[in-house]
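The structure appears below as structure tokens.
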Amino acid sequence: MAGYDLSLRVWRGDSGGGDLHDYTVGVEEGMVVLDALHRLQQTQAPDLAVRWNCKAGKCGSCSAEVNGRPRLTCMTRLNLFAPTDTVTVTPLRTFPVIRDLVTDVSYNYEKAAQVPAFAPGTPAGDDGHHRMKQADVDRVQEFRKCIECFLCQTVCHVIRDHEENKPVFAGPRLMIRYAELEMHPLDTHDRRALLRGQAGIGYCNITKCCTEVCPEHIAITDNAIIPLKERVVDASYDPITRLGNRILRRRR
């Protein structure tokens with residue numbers, strides 16, 4: 001396909017408010033939405049605020065909502081849309097706007113700071129080294145693929161539609177972090193009480209919207225959130241476990 005004029009609609013504004021602005025930008029075959037935004041900066045709107053870094057789908061910086069769907073703009077090819085379509089780019093809706101397409105995602109880092117760090121026990125091997133099965137390596141490695149684009153966070157309706165839930169719900173990105181640590185065979189922390197409390201895992205009703213937008217194709221719901229829910233239930237509600245814990249407390 002030869003070059004053409006793209007109808008581009010971009011949200012412009014800051015924390016005080018803003019609205020959508022219409023532009024016409026010349027684009028060529030092979031370009032992505034981020035390319036079009038850069039072309040717009042170059043030719044018409046040099047003050048447009050856009051966050052980006054690697055342009056390779058690995059840093060997570062260029063997250064935005066393209067025609068209402070959270071995406072990495074550097075991985076969203078323009079040929080997904082007809083040349084006559086209007087491509088609308090807006091900031092991530094779940095987070096406060098700083099300016100234009102740049103949002104304040106500090107909420108995610110504040111929640112991350114509440115997660116107890118990895119705490120391995122004493123090495124079991126005679127040579128002083130830890131040992132792990134390959135299946136355990138593969139399981140936690142999936143969660144480490146997260147690039148912190150926060151698309152899963154912005155699409156999660158628990159915080160997207162309910163600002164009041166942010167203090168009590170960590171969101172799917174942090175559930176991946178909890179899962180990475182909880183399922184690590186060498187870690188010694190028990191974070192199940194934190195998951196039930198400050199992380200608010202009970203708020204998630206497993207709609208799988210977070211899994212659908214993950215650019216790294218992490219099975220957030222099936223491999224992280226549901227197993228964590230099961231662990232919390234076992235610790236908090238299983239009658240046999242509760243009885244055992246009660247007996248242990250009496251013996252201490």
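Numbering starts at 1 and runs along the sequence shown.
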Can a donor-acceptor pair be found, under 3.5 Å and without considering hydrogens, that links the side chain of S63 to the backbone of C149?
yes

Do the non-hydrogen side-chain atoms of L8 and T86 ever get within less than 4.5 Å of each other?
no

Is there side-chain contact between M175 and L195, with heavy atoms separated by less than 4.5 Å?
yes

Determine yes or no for a side-chain-to-main-chain donor-acceptor pair under 3.5 angstrom, with Q44 supplying the side chain and T24 the backbone.
yes

For residues C204 and K229, determine if any side-chain heavy atom of one lies less than 4.5 Å from a side-chain heavy atom of the other.
yes

Quick one, K166 with E163, criterion salt bridge (Lys or Arg N to Asp or Glu O under 4.0 Å). Give me CA distance, side-chain angles, the key distance, then yes/no.
CA-CA 6 Å; K166 285 186 177 180; E163 182 72 20; 3.3 Å; yes

Are W52 and H38 near enough that their ring centres are under 6.0 Å apart?
yes

Using a 3.5 Å distance criterion without hydrogens, assess whether the side chain of E148 forms a donor-acceptor pair with backbone atoms of G60.
no

Same apolar cluster: V233 and Y178, side chain cutoff 4.5 Å:
no

Taking every heavy atom of T103 against every heavy atom of R51, the minimum-distance pair comes out as O-NH1, 3.0 Å

Is there a salt bridge (Lys or Arg N to Asp or Glu O under 4.0 Å) between E65 and R160 once you walk through the steps?
CA-CA 13 Å; E65 303 200 5; R160 184 181 179 91; 2.9 Å; yes

Check against side chain to side chain contact (heavy atoms under 4.5 Å, CB included), N223 and I218
CA-CA 8 Å; N223 292 351; I218 302 171; over 6 Å; no

Might you point out which heavy atoms bring D187 and A117 nearest each other, and give the distance in Å?
OD1-O, 4.2 Å

Do D85 and N67 pass the side chain to side chain contact (heavy atoms under 4.5 Å, CB included) test, and can you show the C-alpha distance, the side-chain angles, and the key distance before you say yes or no?
CA-CA 10 Å; D85 287 348; N67 286 4; 5.7 Å; no

All heavy atoms of I159 vs all of F169, minimum pair found to be CG2-CD2, 3.9 Å

Looking at N165 and V158, would you say the former's side chain and the latter's main chain have a donor-acceptor pair under 3.5 Å?
yes

Show, in sequence, the C-alpha distance, side-chain angles and deciding distance for V97 and S15, and conclude whether the side chain to side chain contact (heavy atoms under 4.5 Å, CB included) test is met.
CA-CA 5 Å; V97 172; S15 59; 5.6 Å; no

Going by atom types only, do Q153 and N108 share a side-chain donor-acceptor pair under 3.5 Å?
yes

Does any part of the side chain of V66, heavy atoms only, come nearer than 4.5 Å to the side chain of T88, both counted from C-beta?
no

Cluster question for you: counting only ILVMFWY and a side-chain heavy-atom cut-off of under 4.5 Å, with indirect links fine, are V10 and F81 together?
yes

Closest heavy-atom pair and its distance - I147, P215
CD1-CG, 4.1 Å

Check this for me: does any side-chain nitrogen of one of D234 and R192 sit under 4.0 Å from a carboxylate oxygen of the other?
no

Tell me if a side-chain donor or acceptor on H184 pairs with a main-chain N or O of L186 at a distance below 3.5 Å.
yes

List the atom of H189, the atom of A119, and the distance in Å for their closest heavy-atom pair.
CD2-CB, 3.7 Å

How far apart are the C-alpha atoms of D138 and K133, what are their side-chain angles, what is the distance that settles it, and do they pass the side chain to side chain contact (heavy atoms under 4.5 Å, CB included) test?
CA-CA 9 Å; D138 294 340; K133 295 181 179 179; over 6 Å; no

Charged N-O contact under 4.0 Å between R99 and D14
no

Is any side-chain heavy atom of Y4 closer than 4.5 Å to one of L78?
yes

Decide salt bridge (Lys or Arg N to Asp or Glu O under 4.0 Å) for K58 and E216; before the verdict, give the C-alpha distance in whole Å, the side-chain angles of both, and the deciding distance to 0.1 Å.
CA-CA 9 Å; K58 292 302 177 184; E216 288 294 320; 3.0 Å; yes

Would E28 and R39 satisfy salt bridge (Lys or Arg N to Asp or Glu O under 4.0 Å), going step by step from the backbone distance to the final call?
CA-CA 11 Å; E28 291 85 40; R39 181 70 57 81; 3.1 Å; yes

Measure up the Y109 and F150 rings against each other and bin them: parallel (under 30°), tilted (30 to 60°), perpendicular (over 60°).
perpendicular

Residue of the set V32, V33, D35 for which side-chain contact (heavy atoms from CB on, under 4.5 Å) holds with R77
V32

For the pair K111 (side chain) and P167 (backbone), establish whether a donor and an acceptor sit closer than 3.5 Å, ignoring hydrogens and angles.
yes

Student check: side-chain heavy atoms of D222 and T211 closer than 4.5 Å
no

To check you understand the geometry: which heavy-atom pair defines the closest contact between G57 and L72, and what is its length?
CA-CD1, 4.0 Å

Keeping the roles fixed (side chain from E180, backbone from R144), state whether a donor-acceptor pair exists under 3.5 Å.
no

Kindly determine whether R12 and Y23 satisfy side-chain hydrogen bond (donor to acceptor under 3.5 Å, both in side chains), including the steps that lead there.
CA-CA 12 Å; R12 305 295 309 273; Y23 302 93; 3.0 Å; yes

With a 3.5 Å distance limit and no angle check, can you tell me whether R231 reaches the backbone of E182 through a side-chain donor-acceptor pair?
yes

Is there a path of hydrophobic side-chain contacts, each under 4.5 Å between heavy atoms of I, L, V, M, F, W or Y residues, that connects L34 with V102?
no

Please examine the side chains of I220 and C152, heavy atoms only from C-beta on, and report whether any two atoms are closer than 4.5 Å.
yes

Might you confirm whether atom CZ of R131 has over 12 heavy atoms from other residues, nucleotides or ligands at distances under 6.0 Å?
yes

Are L101 and L151 linked, directly or through other ILVMFWY residues, by side chains that come within less than 4.5 angstrom of each other?
no

